[in-house]
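The chains referred to below are lettered A, B, ... by the order of the sequence lines, with proteins before strands, and numbering in each begins at 1. Note that the structure is a prediction, hence the values are computed from the model and not measured.
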Amino acid sequence: MAAVYPLIFAALLFSVGVYGLLSRRHAVLVLMSIELMLAAVTVNLVTFWAIAGDALLTGQVFALFVMAIGAAEIGVGLAIIMLIYRNRASVNIDDADLMKY
Amino acid sequence: MAAPSLPGSGLLKGLGLTFKTMLSPATTAQYPHVKPELPPRTRGVIALMEENCTVCMLCAKECPDWCIYIDSSKETVPVEGGRTRTRNVLDRFAIDFALCMYCGICVEVCPFDALFWSPEFEYAEYDIRELTHEKERLREWMDTVPPPPPLEEGAVPPAEIEAGIAAARKEAEEAVAKAKAAAEGGGEPEAEGPQIDEELFARLVAEGTPERAARAKAKAAFVKAQKRREREQGGDQ
Amino acid sequence: MSVPEVVMLATGVVGGAAALLVVTSRNVVHSALYLVVALLAVAGVFLVLGAEFVAWAQVLVYVGAVVVLLLFGLMLTRAPIGPTGQGNELGKAMPLAVALAVFAGLVALIVTSYGGEVIALEHVPPAALGEVLYVAWALPFMTLGFLLTLALIGAVVIARREEGEGPLPEPDPDEPEAAEASPPDSSSWPQRQPEPTPDEREVSA
Amino acid sequence: MATSVFALEPLWLALLLQALAALLLFLIGAVVVGYLEHKVLAHMQDRLGPMEAIWHGIGQLPADGLKFLQKEDIIPTAADRWVFALAPAVAVVPGVVVIAVLPFGPGLWLTDLDAGIFFALAASGVTVLGTLMAGWSSANKFSLMGGLRGAAQLISYELPLVLAAAAIVIQAGTLSLPGIVEAQHGFTLFGVPMIYGIPHIIGLGLFFVAALAELSRPPFDMPIADSELIAGHMTEYTGMRYAFFMLSEYAGMVILSALATVLFLGGWYPWPGVGLPEGAAGMVLGFVITFAKILVLSAIMVWLRATFPRMREDQLQRLSWSVLIPLGLLNIVLVATAKVWF
């Protein structure tokens with residue numbers, strides 16, 4: 001199977017994630033975009049492992065690691081969003097600008 | 001203080017109870033296949049004894065739901081050798097069981113025992129309008145009305161029934177006496193004074209009670225005893 | 001075209017379309033549901049590539065936990081039925097340009113570098129993955145576990161409601177009229193008033 | 001190890017037969033367990049349950065299915081149409097998919113995945129999405145509360161479930177479900193052949209309690225909670241869509257009972273060390289034994305439903321996070337220690 005298919009799929013996911021991250025202001029949507037980018041990274045990792053044929057399965061292991069990081073990130077990120085919502089009654093990330101001044 | 005129990009023993013006790021219940025036979029009545037055993041005073045439906053109805057309208061007036069419909073007309077009855085009389089004829093008697101709340105006031109107020117409770121309950125209809133039942137149907141239900149339950153052991157019978165029995169007996173006795181007198185050849189019946197309980201009278205007089213009061217008391221006791229005797233005889237029949 | 005390529009193309013198209021819908025949908029909950037589809041497509045790609053365990057882990061962790069957590073968070077903050085006004089500024093030229101540039105650059109890079117590369121698909125049993133994970137990668141794996149524990153504790157600490165920090169502000173006992181004069185707005189969830197921003201403070205001062 | 005009876009050529013025929021068999025097993029399992037629940041629950045409440053359909057009500061569930069089919073399909077005006085319509089399917093599909101890896105007898109499985117138990121747990125975790133989608137899209141506050149409770153509950157109880165299964169995986173040394181059954185077949189405790197359920201009694205308890213909570217069955221039925229939330233996420237559903245939710249609940253009972261059977265009760269073997277005859281007779285016997293074990297476990301679930309009142313939401317969360325999960329971790333440590341020691 002040609003290697004470009006999964007790689008282009010990963011590139012598509014990543015750029016869609018970039019677009020979402022830059023254009024959307026809803027905090028949870030931003031988290032989702034980050035998840036998309038992380039998923040693109042895992043696809044890349046697994047694809048490169050499949051191309052290289054590593055005996056230590058580095059790509060797969062790192063994909064698992066990225067997943068764990070993603071889960072941790074979602075947990076902490078949502079906790080922060082909940083806190084902001086409780087204090088400011090908004091989930092718009094532009095409203096969370098208290099530290100700017 | 002309750003003895004300290006193992007944690008979780010309450011849970012096990014509950015499980016045991018449900019398991020025991022599962023093994024015991026179920027109490028469900030398989031209704032359409034097995035008819036329920038209804039108590040004798042079940043308020044299933046109101047039946048009409050059409051012959052007893054005098055169109056007094058008491059039931060219709062007392063009904064809180066106004067669900068009894070009565071139509072009647074006057075009919076003249078020729079009487080031989082006298083003036084013609086009029087009487088009420090029942091043309092329509094209907095109860096709307098969609099409105100009826102089964103309070104039983106109509107049965108209670110009917111002065112002529114024309115309305116009864118029947119244990120019949122299977123008269124459901126698909127259309128609510130068909131729940132208005134006419135007197136023919138109500139009369140049919142009369143056949144399902146059970147006889148009044150027997151009186152309890154040692155209960156005092158209702159006064160009006162007792163009076164009726166007493167009157168009937170007296171009439172019969174008089175007839176017998178009259179017949180006897182006729183047979184004996186027209187001898188005047190001996191006018192008996194009121195009988196008294198001689199024993200009690202003697203005892204009361206000995207105790208110093210005025211004679212008139214003692215006589216009255218003795219007489220009352222005698223009448224009471226006689227009534228009891230009559231009742232016992234009636235009960236045997 | 002071989003069977004794996006067809007499956008890969010199909011999952012790729014579905015996943016890419018779902019990903020696009022995630023960032024363009026006007027309804028945040030729909031976005032989260034499209035994210036499920038996109039992540040499932042990623043799991044499908046893993047399956048085609050022979051990484052079975054990673055694929056199931058993707059389903060268990062992402063679909064079973066992360067997206068559910070996201071939806072849960074969405075519904076706890078605000079559960080809108082229908083489009084929401086918040087954070088839906090579409091059609092911004094800048095993000096679109098950046099995303100397109102990233103995509104074009106990546107595709108050019110991939111095609112020039114891996115244009116002719118062919119993957120020899122092989123299936124890796126979970127046992128083999130387990131062996132390398134617990135032998136060669138034991139230390140990073142444990143570090144990761146430590147990180148996850150820290151993240152868990154951190155999330156609990158952040159989201160925990162402090163003692164006395166109720167959803168409603170305590171009424172001031174000195175000014176009973178004020179409390180009566182402003183009945184709580186029944187249309188909104190009872191919540192604390194947002195603090196005035198520094199600008200407002202300056203204006204009032 | 002035996003291979004699947006479905007390993008035949010050509011591929012499309014095998015796939016078609018597998019799909020059909022999975023659907024059939026799903027439906028039959030759900031209907032049988034549904035009937036079991038009707039009857040056992042009834043007798044535990046001093047009732048008889050369904051008695052009219054065919055004989056002692058055995059036709060009741062198919063009749064109910066027919067009735068659901070002809071019911072009007074109502075979608076609330078304010079509902080999110082697509083999500084509302086899709087939610088029951090999302091709740092049902094994982095169940096059908098999981099059936100594919102469950103072994104119902106020697107060779108009687110549709111496919112033997114290397115990561116079978118992992119796949120089963122991952123796929124059954126997707127069911128919660130159906131609950132959430134239904135709860136949110138109904139545009140009803142009871143539904144939303146039910147959906148939220150369901151999500152919170154399923155996330156917290158997924159962990160003890162996976163932890164309990166992980167201990168068995170450590171013990172058996174394989175993730176494959178038929179592999180676990182075979183490993184259990186050769187398991188001896190101090191020289192006596194033994195099912196895993198006896199030394200792993202903690203794991204069995206954890207798995208069972210977590211499974212009950214995963215299924216939102218009483219005493220953990222807060223997402224449905226008919227006395228407070230009407231029917232939770234199912235409040236607005238009618239007809240076939242509602243039937244799908246019921247089907248997924250009953251099929252979930254079958255699936256989790258089957259998983260518990262494989263993990264703790266020796267699968268299709270009557271007892272470890274006691275073999276089955278070769279060939280078709282062994283298959284039939286194995287299927288009967290597996291199904292009997294599944295029915296016993298399902299009956300216990302019904303028994304618990306008949307006995308215990310519903311827990312409170314905070315009690316539920318506390319039970320999971322401060323009792324079951326620490327216990328599950330401790331169980332893994334114990335099992336791993338014992339595995340290395342002996």
Chemist: Looking at residues at least two apart in the chain, or sitting in another chain, which of them share a side-chain contact (heavy atoms from CB on, under 4.5 Å) with A/Ser33?
Modeler: A/Leu21, C/Val23
Chemist: Let me check something: any side-chain donor-acceptor pairs from residues 62-79 of chain A under 3.5 Å, sequence neighbours excluded? List them with distances.
Modeler:
none

Chemist: Are A/Phe9 and C/Thr11 side-chain neighbours, meaning at least one heavy-atom pair lies under 4.5 Å?
Modeler: no
Chemist: Find out whether A/Leu22 and C/Met94 are in side-chain contact, i.e. whether some heavy atom of one side chain is under 4.5 Å from a heavy atom of the other.
Modeler: no
Chemist: Top residue by heavy-atom pair count (under 4.5 Å) with chain C, among A/Thr42, A/Ile81, A/Ile80, A/Leu31?
Modeler: A/Thr42
Chemist: Taking every non-hydrogen pair under 4.5 Å, which of C/Val111, C/Val42, C/Val107 racks up the most with chain A?
Modeler: C/Val42
Chemist: Among residues 145-152 of chain C, which residues come closer than 4.5 Å to chain A, judged by heavy atom distances?
Modeler: C/Leu147, C/Leu148, C/Ala151
Chemist: Do you know which of C/Leu100, C/Val67, C/Val61, C/Val45 has the most heavy-atom pairs with chain A at a distance under 4.5 angstrom?
Modeler: C/Val45
Chemist: Starting at CG of A/Leu36, measure out to CG of A/Leu29 and round the result to the nearest 0.5 Å.
Modeler: 10.0 Å
Chemist: Any chance you could lay out the side-chain hydrogen bond (donor to acceptor under 3.5 Å, both in side chains) test for C/Glu5 and A/Tyr5, step after step, and finish with the verdict?
Modeler: CA-CA 8 Å; C/Glu5 280 189 336; A/Tyr5 293 136; 4.6 Å; no
Chemist: Looking at C/Val98, C/Val13, C/Leu70, which makes the most heavy-atom pairs under 4.5 Å with chain A?
Modeler: C/Leu70
Chemist: Decide yes or no for A/Phe48 and A/Leu7: does some side-chain heavy atom of the first lie under 4.5 Å from some side-chain heavy atom of the second?
Modeler: yes
Chemist: Quick one: which of A/Leu13, A/Val28, A/Val18, A/Ile8 has the most heavy-atom pairs under 4.5 Å with chain C, could you say?
Modeler: A/Val28
Chemist: Count the heavy-atom pairs under 4.5 Å between each of A/Ala39, A/Gly20, A/Pro6 and chain C, then report the option with the highest count.
Modeler: A/Pro6
Chemist: Measure distances from C/Ala32 to the heavy atoms of chain A and classify the residue's part below 4.5 Å as side chain, backbone, both or neither.
Modeler: both
Chemist: Examine whether an atom of C/Leu35 lies under 4.5 Å from a heavy atom of chain A, and if so say whether it belongs to the side chain, the backbone or both; otherwise answer neither.
Modeler: side chain
Chemist: So which of C/Leu144, C/Val156, C/Val102 has the biggest tally of heavy-atom pairs under 4.5 Å with chain A?
Modeler: C/Leu144
Chemist: Looking at every heavy atom in both A/Gln60 and C/Gly50, which two are closest together, and how far apart are they?
Modeler: NE2-O, 4.2 Å
Chemist: Could you look at A/Leu45 and say if it's the side chain, the backbone, both or neither that has a heavy atom under 4.5 Å from chain C?
Modeler: neither
Chemist: Can you confirm whether A/Phe14 sits close enough to A/Asn44 that some side-chain heavy atom of one is under 4.5 Å from a side-chain heavy atom of the other?
Modeler: no
Chemist: Quick one: which of C/Ala18, C/Ala41, C/Ala19 has the most heavy-atom pairs under 4.5 Å with chain A, could you say?
Modeler: C/Ala19
Chemist: With a 4.5 angstrom heavy-atom cut-off, could you sort out which part of C/Val22 is near chain A: side chain, backbone, both or neither?
Modeler: both
Chemist: In terms of heavy-atom proximity below 4.5 Å to chain A, should C/Ala65 be classed as side chain, backbone, both, or neither?
Modeler: neither
Chemist: With a 4.5 angstrom heavy-atom cut-off, is it the side chain or the backbone of C/Leu39 that approaches chain A, or both, or neither?
Modeler: side chain
Chemist: Are side-chain heavy atoms of C/Val66 and C/Gln58 found at a separation under 4.5 Å?
Modeler: no
Chemist: How far apart are the closest heavy atoms of A/Gly59 and A/Trp49, and which atoms are they?
Modeler: CA-CB, 3.6 Å
Chemist: Can any side-chain N or O of C/Thr112 pair as donor or acceptor with the backbone N or O of C/Leu109 at less than 3.5 Å?
Modeler: yes
Chemist: Identify which part of C/Val54 has an atom lying under 4.5 Å from any heavy atom of chain A, answering side chain, backbone, both or neither.
Modeler: both
Chemist: Only distances under 3.5 Å count here; give the side-chain donor-acceptor pairs of residues 127-141 of chain C to other protein atoms, sequence neighbours excluded, each with its distance to 0.1 Å.
Modeler:
{"from": "C/Trp137", "atom 1": "NE1", "to": "A/Leu56", "atom 2": "O", "distance (Å)": "3.2"}

